[in-house]
Protein chains: 2
Amino acid sequence: MDQISSPTSARLRAMQAEGLDLDNCPVRTVISRLGSKWAPLLLQLLSERPHRFSELRRLVPDISQRMITQTLRDLERDGYVHRSVLPTKPPSVTYSLTGLGISMFESYRFVFEWAEANHRAVRSARAAFDAREGG
Amino acid sequence: MDQISSPTSARLRAMQAEGLDLDNCPVRTVISRLGSKWAPLLLQLLSERPHRFSELRRLVPDISQRMITQTLRDLERDGYVHRSVLPTKPPSVTYSLTGLGISMFESYRFVFEWAEANHRAVRSARAAFDAREGG
DNA sequence: CTGGATCCTCTATGATACTG
DNA sequence: CAGTATCATAGAGGATCCAG
């Protein structure tokens with residue numbers, strides 16, 4: 001089995017001495033990024049069909065202009081999203097999933113389906129835990 | 001289709017006026033939490049078998065004591081993880097997945113497998129993007 | 001319409017020291 | 001061994017204004 005992490009200080013140096021390669025960890029490279037605050041929502045929307053910038057903004061009402069831009073840019077950088085600019089006036093920009101993005105979402109979507117089916121159970125567990133603690 | 005978000009200020013009030021229930025969003029309830037920095041790593045380890053606190057710490061060398069405690073606590077609160085204390089001396093604590101946790105990971109694990117198979121492609125895309133930008 | 005630039009705030013996380 | 005408490009900080013994210 002592979003080792004999982006990527007150290008920072010004293011522990012870090014000890015790890016590196018043992019030859020571990022934490023920057024190559026699949027979880028840290030892929031999953032951490034997909035778990036950001038807005039990436040899941042945007043990916044879900046783009047998995048349905050390509051969307052304009054303003055459409056995404058409207059469909060995710062509480063995202064700031066700054067974060068929608070930045071999140072889409074991160075997803076583009078990692079190869080999941082394609083950005084296509086139509087030189088109209090004013091410009092129109094459409095975002096869509098790339099082949100890599102589609103491939104990724106075929107796996108990621110199982111988590112969305114699980115969440116859809118079980119989010120109530122999670123909220124229940126949360127409430128029960130809080131009741132125990134608070135009491 | 002359901003609406004996705006959960007507003008914060010002016011937009012928020014506008015949304016609520018339309019009757020949207022952003023706090024009930026499955027993505028925000030479930031997926032956001034699973035995407036935290038350490039949760040994926042700990043879940044992956046616990047999906048293999050139960051682990052002691054110190055084992056997890058050793059297997060994830062760059063996690064701080066504080067974050068391992070807090071992340072496990074969050075996962076316990078949401079019903080994914082069970083914490084069992086053996087009253088030995090000194091105490092021994094074992095963490096394991098609950099039924100809900102096992103169920104969830106049966107979906108989540110596809111993402112891990114995808115990451116394992118494609119993290120190099122993602123890193124390539126990232127490098128290519130940076131080359132374009134930087135150049 | 002689609003952003004970029006700036007400033008500001010708050011949360012997540014780390015480091016460290018202490019305890020049953 | 002398995003935490004808790006405290007302090008400090010980087011970075012995520014929001015608000016606002018400006019521009020092609």
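Protein chains get the first letters and strands the later ones, always in sequence-line order, with residue 1 at the start of each.
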[N] OP1/OP2 closer than 4.0 Å to side-chain N/O of [X]:
{"X": "R57(B)", "N": "dA2(D)", "answer": "no"}
{"X": "S54(B)", "N": "dA2(D)", "answer": "yes"}
{"X": "K37(B)", "N": "dG14(C)", "answer": "yes"}
{"X": "Y95(A)", "N": "dC1(C)", "answer": "no"}

Under 3.5 Å, side chain of S107(A) to main-chain N/O of W114(B), donor-acceptor pair present?
->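 No; zero donor-acceptor contacts below 3.5 Å.
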Kindly determine whether F112(B) and F105(B) satisfy ring-ring contact (aromatic ring centres under 6.0 Å, His included), including the steps that lead there.
-> CA-CA 10 Å; F112(B) 286 82; F105(B) 201 80; 5.2 Å; yes
Send over the distance from I63(B) CD1 to dG14(C) C1', rounded to a whole Å.
->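 It works out to 11 Å between those atoms.
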Interatomic distance where CD1 belongs to I68(A) and C1' belongs to dG3(C) [whole Å] =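 Distance, rounded to whole Å: 11 Å.
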When you get a sec, tell me which of [options] is the closest nucleotide to the side chain of [X]?
{"X": "R66(B)", "options": "dT6(D), dG4(C), dG13(D)", "value": "dT6(D)"}
{"X": "V93(A)", "options": "dT13(C), dT2(C), dG14(D)", "value": "dT2(C)"}
{"X": "R52(A)", "options": "dC1(D), dC1(C), dG3(D)", "value": "dC1(C)"}
{"X": "W38(B)", "options": "dT13(C), dC1(C), dC1(D)", "value": "dT13(C)"}

Does any residue of residues 72-88 of chain B have a heavy atom under 4.0 Å from DNA chain D, and if so, which ones, in number order?
->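 Here the set is R83(B).
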In terms of the nearest nucleotide of DNA chain D, which residue is placed more toward the 5' end: Q65(A) or P91(A)?
->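 Result of the comparison: Q65(A).
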